[in-house]
Amino acid sequence: MTDYRNFPMVPRVIFGRGSFSQIGEIIEHKRTSQTAPFIFLVDDVFQSDDTFISSIPLKNIDKIIFVNVDDEPKTKTVDKYRDDIASEFSELPMGIIGIGGGSVLDYAKAVALMLTNPGSSADYQGWDLIKKPAIYHVGVPTISGTGAEVSRTTVLTGPVRKLGMNSDYTTFDQIILDPVLTQGIDKNQWFFTGMDCYIHNVESLTGTYINAFSQSYGEKSMDLCREVFLEKDEFDEDAQDKLMMASFHGGMSIAYSQVGVAHAMSYGLGFLLGTHHGVGNCIVFDQLGEFYSEGVIEFKQMVVKHGIEIPQGICKGLSDKDFNIMIDVALSLEPLWENALGKNWKEIATREKLRSLYELM
Ligand code: NAD
Ligand code: ZN
């Protein structure tokens with residue numbers, strides 16, 4: 001008997017500068033009704049970009065919904081989008097197209113799943129709880145790093161936990177990788193989301209779950225990250241292209257391994273303080289020299305090279321109760337710890353150890 005995971009991959013990928021202009025023809029084969037819409041969930045950072053918005057090929061009753069991502073995706077917001085769409089249209093949409101960063105990509109996956117699965121998205125946070133296929137869903141990343149474009153999860157904060165809806169139906173049916181869309185991102189955000197990818201690679205490559213599949217993707221992603229963040233001085237077209245592919249490969253690497261300590265502890269920060277994923281990972285990783293010595297040294301070189309300030313002191317003044325909430329969230333992510341530290345991880349990752357690390361942040 002073997003127990004290998006049989007996981008889905010995105011079946012269709014288009015890559016290239018300007019490839020977004022082909023979206024109309026790409027989704028056309030799914031246009032089977034005049035009375036059902038395509039719904040475009042678009043990051044509201046693009047709301048005033050008339051040129052870009054007019055390039056979205058709306059037909060019939062297709063609709064754009066602008067999505068605000070000041071807060072990362074929540075189960076109740078997913079449920080609301082689903083309810084609004086279901087009450088506005090008499091038929092199920094023909095597809096959901098998410099255009100934005102990891103947050104909008106996750107909204108698109110989640111809304112596509114919740115249009116066919118009853119109840120609240122909070123009921124499906126976990127592994128393989130989704131029972132019915134999603135409607136057709138397409139991801140168009142506009143910032144690179146999370147790997148959300150290839151993953152089989154959509155990370156949501158719910159009433160009790162911050163956890164993904166992990167399922168074979170979550171993965172996109174199509175992704176459009178157009179590096180032109182990643183132009184003009186704020187430098188800090190570019191760095192934090194890019195570091196999500198770098199940290200995925202470190203956690204995957206140094207983890208106990210590592211295997212040739214994950215290593216082959218992780219090493220390629222690592223090479224690309226080093227080129228973008230250590231060798232190059234500007235985020236030029238070449239760097240945009242490479243970081244987009246680094247994100248893709250990094251996501252593929254963790255698909256068959258796992259992330260580690262930085263992600264576990266960053267989820268704690270995210271749950272209690274609302275700290276966003278990219279910056280949260282950087283705040284944590286900065287303090288993880290004892291677990292990832294070489295990775296942390298290289299990370300600090302990247303921080304200095306790009307003149308980034310990692311927020312400090314965010315846990316100052318927190319109560320014992322607050323620390324315990326974060327520690328509970330972090331320690332509940334058992335596979336991440338086991339990947340990072342091995343079967344006996346509980347001996348190393350004690351509550352006291354996590355408390356002392358959080359106090360440094
Ligand atoms: P994000 O989607 O939260 O966006 C960050 C900021 O960048 C926002 O202000 C957004 O408006 C802005 N932005 C996006 N594209 C832009 C562009 N082209 N120009 C200017 N501004 C732009 O950031 P992210 O780091 O990509 O995603 C983080 C989210 O992804 C978190 O919610 C995290 O949980 C999730 N995530 C999911 C997975 C997964 O596998 N599903 C993996 C990692 C992270
Ligand atoms: Zn991540």
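Owing to the predicted nature of the structure, the values given are computational and were not obtained by experimental measurement. Residue numbers count from 1 along this sequence. Order of appearance sets the numbers: ligands from 1, and atoms from 1 within every ligand.
Protein heavy atom nearest atom 33 (C) of ligand 1, with residue, atom name and distance: His277 CB, 3.6 Å. Nearest protein neighbour of atom 32 (O) of ligand 1, counting heavy atoms only, is Glu72 CD, 3.3 Å. Looking only at heavy atoms of the protein, atom 7 (O) of ligand 1 is closest to Gln189 CG, 3.5 Å. For atom 40 (O) of ligand 1, the nearest protein heavy atom (residue, atom name, distance) is Ser151 OG, 2.6 Å. The nearest heavy-atom contact from the protein to atom 25 (O) of ligand 1 is Thr193 OG1, 2.7 Å. Of the protein's non-hydrogen atoms, the one nearest atom 17 (C) of ligand 1 is Ile185 CG1, 3.5 Å.
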Go through the steps for Glu149 and Ser247 under the test side chain to side chain donor-acceptor pair (under 3.5 Å), then give the verdict. CA-CA 8 Å; Glu149 62 277 22; Ser247 176; 2.6 Å; yes
Output, in order, the C-alpha distance, side-chain angles, deciding distance and verdict of side chain to side chain donor-acceptor pair (under 3.5 Å) for Tyr209 and Glu338. CA-CA 8 Å; Tyr209 292 0; Glu338 187 181 282; 2.9 Å; yes
Using side chain to side chain donor-acceptor pair (under 3.5 Å), reason through Gln125 and Thr75 one step at a time and then give a plain yes or no. CA-CA 9 Å; Gln125 286 179 281; Thr75 53; 5.1 Å; no
Would you sort out whether Asp196 and Thr193 count as a side chain to side chain donor-acceptor pair (under 3.5 Å), showing the intermediate values? CA-CA 5 Å; Asp196 189 22; Thr193 299; over 6 Å; no
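Every atom of ligand 1 is numbered from 1 in the order shown, and the set under 4.0 Å from a heavy atom of Asp196 is 43 (C), 44 (C). Interface of Gly101 with ligand 1, defined as ligand atoms under 4.0 Å from a residue heavy atom, comprises 2 (O), 26 (O). Those atoms of ligand 1 that come under 4.0 Å of a heavy atom in Leu181, given as number and element, are 18 (N). Within the listing of ligand 1, atoms 32 (O) sit less than 4.0 angstrom from a heavy atom of Pro73.
Between Ser103 and ligand 1, at least one N/O pair is under 3.5 Å apart. For ligand 1, the polar-atom distance check against Gly102 finds a nitrogen or oxygen pair separated by under 3.5 Å. Of the N or O atoms in Thr146, none lie within a sub-3.5 Å distance of an N or O in ligand 1. Checking only distances, Val69 never comes within under 3.5 Å of ligand 1, N or O to N or O. For ligand 1, the polar-atom distance check finds an N/O of Thr153 within less than 3.5 Å of one of the ligand's N/O atoms. Any N or O atom pair closer than 3.5 Å counts here, and Asp43 shares at least one such pair with ligand 1. For the pair Thr142 and ligand 1, the shortest N or O to N or O distance falls below 3.5 Å.
For Asn324 (side chain) and Asp320 (main-chain N/O), a donor-acceptor pair under 3.5 Å exists by modelled atom type. A donor-acceptor contact shorter than 3.5 Å is absent between the side chain of Thr154 and the backbone of Thr170. Put simply, the side chain of Asn339 gets close to the backbone of Val259: a donor and an acceptor are under 3.5 Å apart. Of the possible donor and acceptor atoms, one in the side chain of Asp186 sits under 3.5 Å from a partner among the backbone N and O of Gln189. Under the 3.5 Å distance criterion, the side-chain polar atoms of Tyr292 are left unmatched by any main-chain donor or acceptor of Ile199.
Scored by the ring pair (Phe, Tyr, Trp, His ring centres under 6.0 Å) test, Tyr107 finds Tyr81 as partners (sequence neighbours excluded).
Only the side chain of Phe46 comes within contact range of ligand 1, with a heavy atom under 4.0 Å; no backbone atom does. Proximity of Asp186 to ligand 1, defined as any heavy-atom pair under 4.0 Å, is not found for any part of the residue. Heavy atoms of Asp106 found under 4.0 angstrom from ligand 1 belong exclusively to the side chain.
By the 6.0 Å contact criterion, NZ on Lys187 is enclosed, its count of non-hydrogen atoms from other residues, nucleotides or ligands being greater than 12. Heavy atoms of other residues, nucleotides or ligands lying less than 6.0 angstrom from CD of Glu294 number 12 at most. Counting heavy-atom neighbours within 6.0 Å of Arg17 CZ, excluding the residue itself, gives a total above 12.
One finds an angle of 90° at the Zn ion (ligand 2) between NE2 on His200 and NE2 on His263, to the nearest 10 degrees.
Just one residue in the list Ile99, Asp43, Val104 forms a side chain to side chain contact (heavy atoms under 4.5 Å, CB included) with Val140, and that residue is Ile99.
Judged by the 6.0 Å and 45° rule, Lys162 forms a cation-pi pair with Tyr267.
If you check each of Asp44, Asn281, Thr157, Val45 against atom 21 (N) of ligand 1, the one with the closest non-hydrogen atom is Val45. Which of Ser247, Gly250, Ala148 comes nearest to atom 38 (C) of ligand 1 through a heavy atom is settled by distance: it is Ala148.
Taking the N/O/S atoms of Asp196 in turn, the shortest distance to the Zn ion (ligand 2) belongs to OD1. Atom NE2 is the N/O/S atom of His277 found closest to the Zn ion (ligand 2).
Assignment of Gly100 to the shell around ligand 1 is not supported, since no heavy atom sits closer than 4.0 Å.
Because the distance cut-off is set at 2.8 Å, Cys197 fails to qualify as a neighbour of the Zn ion (ligand 2), as none of its N, O or S atoms comes that close.
Relative ring orientation between His249 and Tyr217 is described as tilted, the plane-to-plane angle lying within the 30° to 60° band.
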